[in-house]
Amino acid sequence: QVQLVESGGGSVPPGGSLKLSCVGLGYTDDRICMAWFRQVPGKEREGVAQIDSSGISGLADSVKGRFSVSRGDAQNILVLQLDDLEPDDTGVYYCAAASPCQLGDGAWITDRTYKYWGQGTQVTVSS
């Protein structure tokens with residue numbers, strides 16, 4: 001059973017930055033997809049970023065130019081750098097993973113891809 005452990009998050013003013021990290025434990029296959037989703041009460045969960053073991057990655061249009069997604073020092077570590085944060089970025093951010101998994105170029109960030117989910121970490125952007 002894969003477990004996802006998230007860290008980071010917090011409260012910052014508009015224009016601020018945060019870094020979210022997620023470590024996946026228990027993978028039995030090295031073909032791994034990992035992603036970040038976010039949810040605000042009353043709204044549908046939204047895919048923010050994803051990346052697979054080969055390096056194929058994608059960002060939601062709403063965060064392009066402000067967020068970046070990458071692997072950490074190992075394939076089971078996912079990092080989301082959030083810069084130039086806006087109040088609309090506020091929400092609970094969830095790490096998600098799937099394995100075995102490979103992404104196609106331009107793949108949609110959809111929760112249908114992901115089987116494993118973290119507990120979520122709160123990001124609040126407010127002055």
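All values derive from a computational prediction rather than experimental measurement.
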Can you pull the side chain to side chain donor-acceptor pair (under 3.5 Å) pairs that have at least one residue in residues 92-105, sequence neighbours excluded?
R38-Y93
Determine which pairs satisfy disulfide (SG to SG under 2.5 Å) with at least one residue from residues 96-127, sequence neighbours left out, and list them in order.
C33-C101
Looking just at side-chain N and O atoms, do E46 and S62 make a donor-acceptor pair shorter than 3.5 Å?
yes
Sequence neighbours left out, cut at 3.5 Å: what donor-acceptor pairs do the side chains of residues 10-22 make with other protein atoms?
unit_1 : atom_1 : unit_2 : atom_2 : d
S17    : OG     : D83    : OD1    : 2.8

Look only at the side chain of E6 and the backbone of C95, and say whether a donor-acceptor pair between them is shorter than 3.5 Å.
yes
Is L4 reachable from I109 through a run of I, L, V, M, F, W or Y residues, each pair having side-chain heavy atoms under 4.5 Å apart?
no
Find out if a path of hydrophobic residues (ILVMFWY) with successive side-chain heavy-atom gaps under 4.5 Å connects L78 to L103.
no
Rounded to the nearest 0.5 Å, what's the gap from OG on S68 to CD1 on I51? Could you check?
10.0 Å
Does the pair V23 and N76 meet the rule for a side chain to side chain contact (heavy atoms under 4.5 Å, CB included), with working shown?
CA-CA 6 Å; V23 178; N76 65 325; 3.9 Å; yes
Tell me whether the count of non-hydrogen atoms from other residues, nucleotides or ligands lying under 6.0 Å of CD in Q3 goes above 12.
no
Hey, any chance Y116 and L25 share a hydrophobic cluster, counting ILVMFWY side chains that come within less than 4.5 Å of each other, even indirectly?
no
Which pairs pass salt bridge (charged side-chain N to carboxylate O under 4.0 Å, His left out) with one or both residues in residues 111-127, sequence neighbours excluded?
R45-D111
Please check if I56 and I32 belong to a single hydrophobic cluster, counting links between Ile, Leu, Val, Met, Phe, Trp and Tyr side chain heavy atoms closer than 4.5 Å.
no
T121 side-chain N/O to S7 backbone N/O, donor-acceptor pair under 3.5 Å:
no
Provide the full list of salt bridge (charged side-chain N to carboxylate O under 4.0 Å, His left out) pairs with a residue in residues 57-77, sequence neighbours left out, each pair given once.
D61-K64, R66-E86, R66-D89
State plainly whether one hydrophobic cluster holds both M34 and V2, where clusters connect Ile, Leu, Val, Met, Phe, Trp and Tyr through side-chain heavy atoms under 4.5 angstrom apart.
yes
If you apply the rule side chain to side chain contact (heavy atoms under 4.5 Å, CB included), what do you find for T90 with V40, and how did you get there?
CA-CA 7 Å; T90 295; V40 177; 5.8 Å; no
Side chain to side chain contact (heavy atoms under 4.5 Å, CB included), that's the test. Do V79 and V69 meet it? Break it down for me.
CA-CA 6 Å; V79 177; V69 63; over 6 Å; no
With sequence neighbours left out, which residue pairs that include part of residues 20-66 fulfil the ring-ring contact (aromatic ring centres under 6.0 Å, His included) condition?
F37-Y114, F37-W117
